Structures are given as structure tokens and as C-alpha cells.
Amino acid sequence: MRLDLKLVPILTLLAVLLSVSACWRSADSDTEFVVGLLAPKIGVMAGHGESMEMGAAIAVAQLNEEGGVNGQAVKLVVLDTQSDPGVAAQRAREIIGRNKANIVLGTGLSSETLAVIPITTDAGVPFIYSMDGELKTCAIGDSSAVSNAVWGAGFTERMIVEPFLKELRSNVLDGAEDVKVYFLGGDYVYPRSTNEFARSVAEEMGFQVVGEEYVDVSTTDYTPVIRRISSSNANLLIVTNPGSAAAIFMRQALQLGLDQEVAITGFATFAQEAVAEMGDVSQGALYANRYSDLLENPQNEAFVERFRKAYPEKTLLPGPTVAAGSYGTLMIAADAYRRAGRNDDLNLFREAMNTADMQLPQGRVQVNPENQIFDQHMYLLVVNNQKYEVLADLGMQSHPGLAGCSVP
Amino acid sequence: MIGLQFFIDFMVASSVLLIAAMGLFLVFGLYRVVNMAHGEFVLLGGYVAAQMQSTGAPFAVCVLAAAVVVGFASLVLDAALIGRQRLSSSLTPLLATWGVGLLISQGIRLIMGPTGVSVTDPVGRSFEFAGSVYSVYQLILVFIAIILALSAWILIHRTKIGLRVRAQVTNETLSELHGVNTRLQFSTAFFIGGMLAGAAGALLAPLAAINPSSGSSFSISSFMVVIMGGMNHVAGQVSGALVMGGGRNLIGTFSSVTIATLATLLIVALILAFRGKDDLVD
């Protein structure tokens with residue numbers, strides 16, 4: 001097919017216009033404080049990504065009401081990582097190169113976070129990842145040093161396992177001496193590493209591990225697994241199987257009466273999206289998390305009010321947990337930038353961020369300078385009518401040093 | 001009575017797959033039309049049931065509504081895309097229905113959001129017998145699967161309608177010459193297949209994941225049951241479900257779920273390798 005030469009000037013003009021408009025976008029970013037949010041909008045983490053965006057948008061609106069950050073209006077740019085690490089890396093380059101993000105927040109899966117870290121670190125742009133999971137804030141290539149540009153807002157397994165298991169034994173199992181625990185997880189990195197650590201803590205506490213099993217996340221028939229758990233005489237079941245897999249398991253487990261035999265709990269299994277999808281089969285499930293919309297403090301009441309006004313159509317059972325996380329993350333980062341006095345100096349931001357100490361919707365949050373993970377309250381929660389009711393405040397928890405870092 | 005537990009669990013797992021696959025059997029097994037939107041039809045049925053149940057409708061009404069909605073959706077699909085292309089090309093319906101499947105799943109995501117929905121077990125009761133606990137609802141599914149299989153067999157092999165359908169799939173041109181309205185007959189089969197898919201989505205929702213991404217899992221398992229069991233035979237669908245669902249469940253009882261899945265796939269591959277060519281898709 002031959003190119004019609006009459007099209008050449010038209011195509012040239014179009015190319016020029018597109019280039020100029022790109023420059024205009026870059027020029028705008030010089031007068032704005034750009035928050036780049038890498039949020040999965042499709043794929044397994046889509047629900048999480050949608051919630052992250054809502055929380056970040058509320059924070060941006062509030063910051064702009066307060067006059068912006070260091071005189072600059074705050075602009076939120078959201079790019080879809082599609083729950084894919086390759087796409088996440090590409091979007092990270094875009095959000096830094098084209099959108100000139102001052103700070104990057106996100107992502108979904110651990111693999112996405114690990115894909116983004118080298119890109120933001122090379123660019124000297126602060127990156128705060130929001131998902132719970134293993135520590136990812138050590139320096140690239142040196143697990144004994146902390147990164148200069150990565151922070152973790154979520155909690156790690158080392159922050160919750162021990163207080164959670166202690167509270168379970170005393171409050172739920174009535175101080176039982178003979179706790180028989182069965183571990184069940186999805187067959188991938190996060191459940192295996194979390195359960196491995198939880199198992200070691202459980203054994204140190206004198207729990208008897210009566211079973212440990214991992215199933216592919218695409219499993220649709222959990223009956224054989226449920227029968228094994230039932231015949232193991234376990235009185236505590238710890239399920240680390242996030243997402244839809246959790247919903248399938250719980251439906252079938254309750255149909256076969258497993259909840260009458262064991263106390264069912266887990267790490268990430270009863271996260272926001274899973275509880276919404278589980279519906280009433282989540283009733284009575286025990287969970288450890290850093291937030292409930294039922295927490296009674298002024299910051300949370302204000303946040304929940306803002307959320308309801310901004311998104312009246314979103315019931316978001318069991319509550320805007322993930323949104324509260326991204327809201328709090330942006331608020332603490334903005335406060336650090338304000339104390340630094342500049343929006344473009346990583347070292348000044350880091351100095352301010354690592355001394356951060358704020359009251360957020362989830363309670364008091366401090367940034368631990370040793371590992372740049374948020375020290376924060378953890379709570380023992382019980383799911384009641386698809387809401388997280390607070391059974392106990394497990395206190396401020398810290399991650400120990402740089403233990404368990406997964407950054408290569 | 002551990003043997004009874006194995007047997008019942010085996011039957012439940014088989015029934016789940018049979019219920020999901022029966023709608024596809026009519027369309028793909030008999031007419032060789034590759035409906036890649038089958039899984040999304042099942043998913044749509046689940047969503048309809050969830051919405052109806054949230055209004056307080058009895059579960060039977062939820063199932064009926066799911067069947068009707070998806071039945072009509074399949075009629076639209078047939079009228080717009082399948083009917084014209086069915087005979088001229090086998091690739092076109094495949095691509096068209098794949099696109100429709102994407103439309104359905106993304107449409108659900110846009111309208112309902114990315115988080116899944118739940119359908120409450122309408123019975124919500126279990127009982128203990130001889131040391132094992134059984135779900136009343138799961139046993140009802142076994143009963144439904146048996147009725148479904150028997151009804152399909154009677155319809156196809158013992159009625160005039162079934163005779164005309166078998167004639168059509170054997171030789172469409174000759175059937176037309178003998179006065180069979182093949183276009184109407186196919187549309188009817190496609191409609192019934194859609195209704196069965198919708199009803200399956202509602203029936204299986206209390207045990208399965210109903211979210212915008214879960215349509216593909218229904219598609220994959222249904223296609224495997226239909227192909228493995230033999231394309232033209234109701235008995236084949238039953239045997240396919242028994243091997244894929246029940247077999248996987250039984251093996252999983254004595255080993256890990258992963259090994260059970262691998263072993264089942266290996267068995268399926270071996271069966272297909274030794275199967276006669278005339279049962280496979282052209």
C-alpha cells in the first residue's frame with residue numbers, strides 16, 4: 001500500500017501538536033506537586049487498586065483545601081498496573097518520565113512492588129508501597145542497608161504474627177495449653193513465607209502444628225482439604241489464601257461445618273475485598289489488621305465522613321480499609337515534604353520522613369528510620385455483619401531491623 | 001463409613017462440573033459451535049442470582065431469573081453473531097463469542113465493580129452422619145445433576161425433538177430438505193444452552209467465586225468436560241464430569257490438590273490420545 005503524499009503534512013502537523021501537548025503536560029508539572037499512584041485496575045488486585053485511588057483522591061482534595069504542599073497544588077496521576085509486574089515497571093517509567101511525579105505510591109502484588117523499586121530508586125523519586133507483606137525497603141543489592149528511596153506503609157508478618165497468636169490463645173481459645181494449629185495457604189510466595197514464619201512462632205509458643213498444606217489459587221474444590229483439616233483435630237486454622245480463593249474456601253468450609261470444629265483465622269485471607277466477596281460466610285472470622293472504620297478517634301471519624309461524602313454509592317464492606325491506608329500514606333508523606341520545605345529534594349524528604357510521627361485514621365503512625373517501615377497499631381478484629389469489629393488493640397508494632405527483605 | 005464420605009464427595013464434585021457444562025454440551029457438544037462466552041454466561045447467571053437474592057427473592061426465583069436473563073442474552077448473541085456465521089466458518093463464532101465474553105466480564109466490572117458478589121447458601125444446613133458432615137445444599141446439587149442428565153438424555157434420545165436435533169447435527173442439509181427448520185432449531189438449542197448456563201451460575205454461586213474474572217474458570221472446566229466426555233453423548237458428559245470432578249476430588253483425598261489436578265489432567269490427556277478422531281472437533 002503506497003502512502004498518499006497529501007497525508008504527509010497532515011501527519012506532520014499531528015505529530016507536532018502531540019509533542020507540544022506533551023510539553024504542556026510537563027510544563028504543568030513544574031507548578032504542581034504530582035503524586036503518582038500505580039494502582040491495579042484490572043486483574044486479581046483490581047479491588048485493591050480502586051480503593052487505593054479513592055483514598056489518595058480524598059487526601060489530595062484535603063491537601064489542596066489546606067493550600068497544597070509547599071505552595072504547590074497537589075495533582076493525582078493514576079496509572080493502571082493491571083496487576084502485572086511488567087506493566088507496573090512500564091507505568092513507573094511513565095509516571096516519572098512523562099508525568100514528572102514528585103512521589104510514587106502503590107502498588108498491588110509484591111511482584112509489582114519489586115519491579116517498581118529499581119526504577120524509582122534510580123530516578124531518585126520516593127516510593128511508598130502500601131501492601132502488607134514481607135519487607136522490601138532494603139537497599140538494592142545490599143540487604144544489610146536500608147534503601148534511600150523506598151518506604152513501606154503496610155505491615156509485615158513479623159509485626160503481627162506473634163501478638164496475633166498470643167491474643168488468639170488468650171482471648172479466643174481461653175488460654176488453652178494444647179493449641180493444635182493447621183496451616184493452609186495459597187501456593188505462592190506470600191502465603192508460604194508468611195506461614196513459614198508463623199509456624200516458627202507458633203512452635204516457639206508451644207502450639208502443636210498438626211498440618212500444613214498449600215493449594216493452587218485456581219482450586220475450586222476444597223472438600224479434600226476441608227476433610228483433612230477436620231480429621232486432624234486442629235482447634236485453630238490459619239488460612240493465608242487471599243482473594244477469591246478465600247471466598248471459595250470459606251463457603252465450602254462452612255457448608256461442611258468446619259467452623260463448628262476450629263477457630264478460623266488468617267493473614268490477608270479476610271482482607272477487605274475478600275470479606276466483601278465472602279458475604280455472610282465471613283461471619284465470625286478473626287483477622288489482624290491495622291485499620292477498621294469503627295476505630296474511635298478524631299482522624300478516623302473525619303476520614304470516614306469525607307469518604308462517605310466523596311463516594312456515597314460505595315458501601316465498601318467491611319469498610320474503606322485500603323482507602324484509609326493510601327489516605328494516611330499520602331498525608332504522612334505530605335507532612336514530611338512540608339517539614340522538608342521543598343518538594344524536589346530526596347535527602348531532605350527522607351530526613352523528614354524518617355522522623356514522621358502522626359495521628360492517622362488507623363491510630364498513631366511513626367516511620368522507623370532503621371527500616372523505613374511504618375510502626376503502627378495492629379488490631380485483633382472479628383468480622384461481624386461484614387464489618388471489622390475491634391476485639392483488641394495489639395499495640396504499636398515494629399518490624400525488627402531489615403529481617404526478611406525480599407529485594408534482590 | 002469413610003467410603004460413604006468418599007462417594008458423596010466424589011458425586012458432589014462431579015455434579016458441580018456437570019451442571020456447569022450441560023449448557024455448553026448443547027451448543028458445542030452437539031452443534032460444534034465454540035461458545036467462548038459460556039463461562040461468562042455462567043458468571044452472569046451468578047450475578048443475576050446475587051442481585052435477586054439481595055432483594056429478598058426466594059432462591060428458586062433467583063435461579064429462574066438467572067436462566068431467563070442469560071437465555072435471552074444468548075438469543076441476542078445468536079441473532080447478532082452466531083446464526084449467520086455458524087455454517088460458513090467455525091473460527092468466526094469462536095472469535096465473536098470470545099469478544100462477547102470479554103464484553104460481559106468488563107461490563108460486569110464497570111457496573112458492579114471489581115469486587116465479587118456472594119450468594120447465600122439457600123439451605124444453610126449440614127448434618128453429621130457416621131462421623132462425617134455433609135451439606136444439604138451440596139446433596140441437592142447431586143440430585144439436580146442427576147435430573148439434568150436424565151432429562152437431557154430423554155430429550156435427545158427419546159423424543160422427536162431430539163431426533164430432529166440429531167438429524168441436524170448429522171447432516172444439516174438433508175435435515176432441511178426433510179422440512180426441519182434448522183435455523184430455529186439451533187436458536188432454540190442455543191437459548192436452552194444459555195438458560196442452563198445461567199441457572200448453573202445461580203446454582204453454583206453458593207460454592208464458587210463470582211467476580212468479573214471468574215468466568216474463565218467455568219469455561220475451561222466446561223470445555224474439558226465436554227471434549228473429554230465425548231461430543232455427542234449425554235453419557236459422555238456424565239463420564240467427563242466423573243473423571244474431571246470426581247476423579248480430581250478422590251485423588252485429592254489421598255494426595256495434595258496440586259497432584260490431584262496434575263493426575264487428572266494426565267488422565268484426560270491419555271483418554272483423548274486414545275479416543276477416536278470422530279469425537280473431536282473438526
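Source: prediction; values computed, not measured. Chain identifiers are assigned alphabetically (A, B, ...) following the order of the sequence lines, protein sequences preceding nucleic acid strands; residue numbering begins at 1 within each chain.
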Please report the shortest heavy-atom distance between [X] and [Y], naming the atom on each side.
{"X": "B:Gln138", "Y": "A:Leu256", "answer": "OE1-CD2, 4.0 Å"}
{"X": "B:Val133", "Y": "A:Glu261", "answer": "CG2-OE2, 4.3 Å"}
{"X": "A:Ile42", "Y": "B:Gln106", "answer": "CG2-OE1, 4.5 Å"}

Just verifying a value: how many Å separate [X] [atom1] and [Y] [atom2], rounded to the nearest 0.5 Å?
{"X": "A:Ile248", "Y": "B:Ser217", "atom1": "CD1", "atom2": "OG", "result": "7.0 Å"}
{"X": "B:Ile210", "Y": "A:Glu277", "atom1": "CD1", "atom2": "CD", "result": "8.5 Å"}
{"X": "A:Thr220", "Y": "B:Leu17", "atom1": "OG1", "atom2": "CG", "result": "6.5 Å"}
{"X": "B:Asp121", "Y": "A:Gln255", "atom1": "CG", "atom2": "CD", "result": "4.5 Å"}
{"X": "A:Ser231", "Y": "B:Gln5", "atom1": "OG", "atom2": "CD", "result": "8.0 Å"}
{"X": "B:Asn249", "Y": "A:Asp221", "atom1": "CG", "atom2": "CG", "result": "4.5 Å"}

| task | State whether a side-chain donor-acceptor pair under 3.5 Å links B:Thr120 with A:Asp280. | result |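 Yes, a side-chain donor-acceptor pair sits under 3.5 Å.
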
| said: If we count only N and O atoms by modelled type, under 3.5 Å, do the side chains of A:Ser244 and B:Asn211 hold a donor and an acceptor together? | reply: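 Looking only at side-chain atoms, B:Asn211 and A:Ser244 do form a donor-acceptor pair, the distance falling under 3.5 Å.
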
| message | Taking side-chain contact (heavy atoms from CB on, under 4.5 Å) as the criterion, tell me which of A:Met278, A:Gln386, A:Arg251 meets it with B:Ser118. | response |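 Of the listed options, the one satisfying the test is A:Arg251.
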
| task | Select one option (side chain, backbone, both, neither) describing which atoms of B:Ser255 are under 4.5 Å from chain A's heavy atoms. | result |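 Only the backbone of B:Ser255 comes within 4.5 Å of chain A.
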
| query | Tell me, side chain or backbone of B:Tyr134 under 4.5 Å from chain A's heavy atoms, or both, or neither? | reply |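 Interface part for B:Tyr134: both.
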
| said: If I measure from the heavy atoms of chain B, does A:Ser218 come under 4.5 Å with its side chain, its backbone, both, or neither? | reply: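 Answer is neither: A:Ser218 stays 4.5 Å or more from chain B.
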
| field | Winner by heavy-atom pair count (cut-off under 4.5 Å) against chain A, out of B:Ser256, B:Ser214, B:Pro206, B:Ser213 | value |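 Max contact count across the listed options: B:Pro206.
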
| said: Does atom CZ (B:Phe143) have a neighbourhood of more than 12 heavy atoms from anything else shown, all under 6.0 Å? | reply: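 Result for CZ/B:Phe143: open.
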
| request: Go through A:Thr223, A:Asp187, A:Asp216 and name the one with the most non-hydrogen pairs under 4.5 angstrom from chain B. | output: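 The answer is A:Thr223.
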
| message | Main chain of B:Thr253, side chain of A:Arg227: is a donor-acceptor contact present, judged purely on distance under 3.5 Å? | response |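 Answer holds: no.
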
